[in-house]
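A quick write-up on the structure given underneath.
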Amino acid sequence: MTRDPRLAFDTLEARAVAERSAEPHDRISLRDHVVEVEIGAFQAERGMTQRVCFNVVVEVRPQDADPADDVDRILSYDRITDAIAAELHAERLNLLETLAERIADRILAEPLALRCFVRIEKLDRGAGALGVEIVRTAAADLPATQEAPEDPRPLVVYLSNAAIASPLLKGWIDRIAALGPAILCVGPSDAPRPQSDIPSTQRRVDLLAIEQNAWILAGCDARCAVVGSRTELDWAMRRGQLTIWAPFKMVVDAPVPPAALAADGPALCLWLADRVRARDLLFIGAVPPEGSGARAMGVEAEVLP
């Protein structure tokens with residue numbers, strides 16, 4: 001890596017040239033790509049968008065002498081902008097560092113990509129641009145065309161408060177656990193909740209009430225782990241584990257929040273089921289949202305449908 005301090009704030013193209021390997025590679029670049037997005041760890045950055053500027057340079061594998069002027073044989077600029085858009089829409093993030101890592105990972109999954117320079121800057125947080133820059137290299141021990149395995153599709157089950165209190169609960173959990181990866185969802189408990197005239201505050205109160213109920217359910221069976229992030233859910237699904245969804249983080253950080261009220265447990269369960277591509281959706285002791293296609297069973301039923 002070059003130690004020339006003059007390059008610290010130079011263009012990524014200049015950095016890429018200075019840090020080239022013994023065998024130089026072709027490069028493609030995206031410069032000054034500005035997107036309005038909600039991002040940031042500070043409370044003042046929530047509920048508002050700000051301009052974020054992306055500069056990306058990608059070193060690519062050598063091509064045939066005659067690429068036949070065929071866009072399908074090169075790494076298109078659209079793949080870079082698509083990677084940015086995909087990560088911005090995946091979830092709301094607090095850190096530019098996290099966003100840069102994920103964009104680089106997505107770009108380096110392209111068969112032709114060898115090395116990626118990503119610079120991201122916030123344009124509206126002060127007198128200048130505040131940002132991060134990373135350089136990442138494709139893993140040498142992975143085939144260029146290898147694709148990540150698809151995450152398993154879980155069974156999603158909504159449990160009403162009556163279902164949580166039912167003496168049949170353990171038998172239901174036994175059966176659910178035997179069916180492979182599953183996510184249990186709950187609503188708020190029946191206990192009174194604090195009320196606020198500020199919608200954003202009330203939404204957080206309601207979501208925390210659901211999380212409190214999730215921990216109550218977890219206390220009924222040691223196999224149930226309370227999980228709050230998509231990464232943890234994916235990890236548990238790949239291992240066939242049983243989890244209880246704590247919705248606060250995913251709902252608050254969602255680029256497009258669910259339209260449902262935060263206290264509407266069944267509607268939030270449906271929102272989650274759509275995001276994780278649930279293979280089946282079951283409601284125990286509650287009426288599924290209209291048009292959801294979910295199966296339902298009463299709290300008196302001993303056998304899952």
Side-chain angles (χ1 to χ4, degrees), residues 8-12 15 30-56 80-107 116-136 188 193-212 214-215 226-235 245-264 268 271-272 275-276:
F9 295 99
D10 210 332
T11 65
L12 288 190
R15 293 288 300 276
L30 174 71
R31 180 184 295 179
D32 299 336
H33 178 67
V34 178
V35 181
E36 290 224 2
V37 62
E38 182 182 340
I39 190 170
F42 290 90
Q43 191 61 37
E45 295 177 288
R46 292 189 176 273
M48 58 166 287
T49 60
Q50 56 183 301
R51 291 178 303 146
V52 177
C53 181
F54 297 85
N55 285 274
V56 180
I80 301 177
T81 55
D82 287 349
I84 294 170
E87 294 305 333
L88 289 177
H89 286 88
E91 65 175 318
R92 185 197 182 282
L93 295 175
N94 290 325
L95 302 177
L96 293 183
E97 289 85 348
T98 304
L99 179 58
E101 288 280 359
R102 293 184 180 182
I103 290 172
D105 286 346
R106 187 176 287 268
I107 291 173
C116 184
F117 297 73
V118 180
R119 178 183 292 169
I120 310 178
E121 298 168 306
K122 294 181 180 180
L123 304 181
D124 300 326
R125 287 293 290 168
L130 308 177
V132 301
E133 177 183 316
I134 67 171
V135 182
R136 297 293 182 268
R193 298 189 303 280
Q195 299 297 310
S196 172
D197 293 331
I198 303 174
S200 60
T201 299
Q202 188 61 50
R203 181 173 69 151
R204 285 165 170 76
V205 169
D206 293 339
L207 290 171
L208 288 172
I210 293 178
E211 298 213 348
Q212 185 179 47
W215 283 104
V226 178
V227 167
S229 71
R230 180 60 190 268
T231 298
E232 291 176 291
L233 283 174
D234 289 343
W235 187 90
W245 182 45
F248 188 94
K249 176 175 173 54
M250 287 181 62
V251 171
V252 171
D253 289 350
V256 181
L261 295 175
D264 189 344
L268 290 181
W271 179 80
L272 174 71
R275 289 178 67 87
V276 299

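We number each residue from 1, following the sequence as shown.
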### Query
Passes side chain to side chain contact (heavy atoms under 4.5 Å, CB included), V251 versus W271? Steps please.
CA-CA 10 Å; V251 171; W271 179 80; 3.9 Å; yes

### Message
Please evaluate residues H33 and I80 with respect to the criterion side chain to side chain contact (heavy atoms under 4.5 Å, CB included), reporting the C-alpha separation (whole Å), side-chain torsions for both, the decisive distance (0.1 Å), and the verdict.
### Response
CA-CA 10 Å; H33 178 67; I80 301 177; over 6 Å; no

### Message
Show the nearest heavy-atom pair for residues Q202 and P194, with the distance to one decimal.
### Response
NE2-O, 3.3 Å

### Query
Would E101 and R136 satisfy side chain to side chain contact (heavy atoms under 4.5 Å, CB included), going step by step from the backbone distance to the final call?
CA-CA 8 Å; E101 288 280 359; R136 297 293 182 268; 2.3 Å; yes

### Message
I need the minimum non-hydrogen distance between P188 and A263, along with the two atoms involved.
### Response
CD-O, 3.4 Å

#### Entry: Heavy-atom closest contact (C53 atom, D32 atom, distance)
SG-CA, 3.6 Å

### Query
How far does CZ of R230 sit from CG of D234, to the nearest 0.5 angstrom?
4.5 Å

### Task
For Q212, check side chain to side chain donor-acceptor pair (under 3.5 Å) against everything at least two apart and list the hits.
none

### Task
Using a 4.5 Å cut-off on heavy atoms from C-beta on, say whether the side chain of K122 contacts that of I39.
yes

Side-chain atoms of residues 85-95: list all donor-acceptor pairs with protein atoms under 3.5 Å, sequence neighbours left out, distances to 0.1 Å.
residue, atom, partner, partner atom, Å
E87, OE2, R106, NE, 2.8
E87, OE2, R106, NH2, 2.9
H89, ND1, A85, O, 2.7
E91, OE2, R102, NH1, 2.7
E91, OE2, R102, NH2, 3.3
R92, NE, E38, OE2, 2.8
R92, NH1, G40, O, 3.0
R92, NH1, N94, OD1, 3.1
R92, NH2, G40, O, 2.9
R92, NH2, E45, O, 3.4
N94, OD1, R46, NH2, 3.4

### Task
Locate the shortest heavy-atom distance separating I103 from A83; write the atom from each residue and the value.
CG1-O, 4.2 Å

### Message
If you apply the rule side chain to side chain contact (heavy atoms under 4.5 Å, CB included), what do you find for D206 with L261, and how did you get there?
### Response
CA-CA 9 Å; D206 293 339; L261 295 175; over 6 Å; no

#### Entry: Nearest atoms (heavy-atom pairs only) where A129 meets L123
CB-CD2, 4.0 Å

### Message
Name the residue from L268, I210, V276, V227 that meets the side-chain contact (heavy atoms from CB on, under 4.5 Å) definition with W245.
### Response
L268

### From E36 atom CD to M48 atom CE, the distance as rounded to the nearest 0.5 Å
9.0 Å

### Task
Could you pull out all residues at least two apart from A246 that satisfy side chain to side chain contact (heavy atoms under 4.5 Å, CB included)?
E211, V226

### Validation row: L99, I120 side chains within 4.5 angstrom (heavy atoms)
yes

